[in-house]
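The structure appears right after this line, and notes come after that.
The shown structure was predicted, so the numbers you read here are calculated from the model rather than taken from an experiment.
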Amino acid sequence: MSNVTIRATQDEIIGEVEIKAPLERVFAALTSCDQLIRWFTDPGCPTEVFEFEPRAGGRWRFVTADGGKPVNGVTKFEAEGEIIEIDPPHRLTYSWRANWHRDPMQKTTVRWDLTSSPEGTIVKVTHSGLAKDPVA
């Protein structure tokens, strides 16, 4: 990986990184349950479940083990949502609701944009709808 950029505004967080892998491989890592559970985790709070239906209208969900470090009083994290847009291998957009947000029913949006580069793939992720919950 190289050239990581993270920007925050009042409503969104944007991260961008170039990965030395082709578009199709990166897109598979974003949409395949067996790959998601391997990278979407942390040793201090490991992901126990990752479900993902890679189709418009499909559902996704993850659940972690108890990490012991509370965020808004929560130590066992759960998030879920619906796939809003899927355009392999260039874009993936889904809603996001998380039990550690101040309002666990509030939906935010995560969008992944993938672009070919000479070195592999530029991955841009935008998480928006966060202005109402600065802790999130």
Side-chain angles (χ1 to χ4, degrees):
M1 292 190 290
S2 63
N3 194 18
V4 176
T5 304
I6 299 175
R7 299 186 310 271
T9 69
Q10 291 288 16
D11 190 56
E12 62 187 16
I13 297 172
I14 302 167
E16 192 170 295
V17 64
E18 185 171 16
I19 298 176
K20 292 185 179 182
L23 277 169
E24 292 78 8
R25 183 170 174 203
V26 175
F27 196 81
L30 295 173
T31 58
S32 170
C33 290
D34 61 328
Q35 292 186 50
L36 281 161
I37 201 164
R38 289 180 25 215
W39 72 264
F40 201 98
T41 193
D42 181 274
C45 189
T47 299
E48 294 180 326
V49 174
F50 211 120
E51 300 167 348
F52 194 94
E53 297 174 288
R55 61 176 178 77
R59 307 292 303 169
W60 71 272
R61 176 176 87 99
F62 79 87
V63 178
T64 71
D66 190 325
K69 295 180 183 176
V71 175
N72 283 340
V74 175
T75 57
K76 184 175 172 72
F77 304 103
E78 299 181 29
E80 59 88 25
E82 181 179 337
I83 310 306
I84 298 167
E85 178 185 14
I86 186 163
D87 180 18
H90 302 285
R91 178 170 289 159
L92 172 65
T93 307
Y94 48 80
S95 63
W96 174 288
R97 289 193 318 187
N99 70 334
W100 66 91
H101 290 188
R102 186 179 62 220
D103 176 2
M105 298 309 291
Q106 177 189 341
K107 287 184 183 179
T108 59
T109 302
V110 176
R111 186 180 77 227
W112 300 84
D113 292 296
L114 281 58
T115 308
S116 289
S117 71
E119 296 292 319
T121 302
I122 296 172
V123 178
K124 179 179 176 183
V125 62
T126 304
H127 194 157
S128 61
L130 300 169
K132 293 181 181 177
D133 193 353
V135 173

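Distance CD1/I86 to CZ/R91: 12.5 Å, rounded to 0.5 Å. Distance check: T108 OG1 to E12 CD gives 11.5 Å after rounding to the nearest 0.5 Å. Rounding to the nearest 0.5 Å gives a distance of 9.5 Å between OG1 of T47 and CG of L36. With rounding to the nearest 0.5 angstrom, the CZ atom of R61 is 10.5 Å from the CZ atom of F50. Taken from CZ in R55 to OG1 in T31, the straight-line distance is 13.5 Å, to the nearest 0.5 Å. For the atom pair CZ (R97) and CD (E80), the distance works out to 4.0 Å, reported to the nearest 0.5 Å.
F40 and I37 end up in the same hydrophobic cluster when Ile, Leu, Val, Met, Phe, Trp and Tyr side chains are linked at under 4.5 Å. Follow the hydrophobic side-chain contacts under 4.5 Å out from W60 and you never reach I84; the two are in separate clusters. The cluster map of Ile, Leu, Val, Met, Phe, Trp and Tyr, joined by side-chain heavy atoms under 4.5 Å apart, puts W39 and W96 in the same cluster. Hydrophobic clustering (side-chain heavy atoms under 4.5 Å, transitive across Ile, Leu, Val, Met, Phe, Trp, Tyr) keeps V110 apart from I122.
Checking each of T64, V49, V63 against E78 for a side-chain contact (heavy atoms from CB on, under 4.5 Å) leaves exactly one that passes, namely V63.
Using modelled atom types, one side-chain atom of D11 and one backbone atom of A131 make a donor-acceptor pair closer than 3.5 Å. At distances below 3.5 Å, at least one donor-acceptor pair connects side-chain atoms of S95 with backbone N or O atoms of E82.
The two atoms that bring E18 and S117 nearest to each other are OE2-OG, 2.5 Å, heavy atoms only. Annotation for E53 and R59: closest pair OE1-N, 2.7 Å, computed over non-hydrogen atoms. Considering every non-hydrogen atom in both G129 and Q106, the closest pair reads O-NE2, 3.0 Å. R111 approaches T93 most closely through the heavy-atom pair CG-OG1, 3.2 Å. Annotation for C45 and A65: closest pair SG-O, 3.5 Å, computed over non-hydrogen atoms. N99 approaches F77 most closely through the heavy-atom pair OD1-CA, 3.5 Å.
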Side chain to side chain contact (heavy atoms under 4.5 Å, CB included), that's the test. Do L23 and H90 meet it? Break it down for me. CA-CA 7 Å; L23 277 169; H90 302 285; 3.6 Å; yes
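You'll find the side chain of Y94 reaches within 4.5 Å of the side chain of W112, heavy atoms only. Between L114 and L30, some side-chain heavy-atom pair lies under the 4.5 Å cut-off.
Salt bridge status for K124 with E16: absent, with no side-chain N to carboxylate O gap under 4.0 Å. For the pair D66 and K76, the salt-bridge criterion is not met [side-chain N within less than 4.0 Å of a carboxylate O].
For R38, there are no salt bridge (Lys or Arg N to Asp or Glu O under 4.0 Å) partners two or more places apart in sequence or in a different chain.
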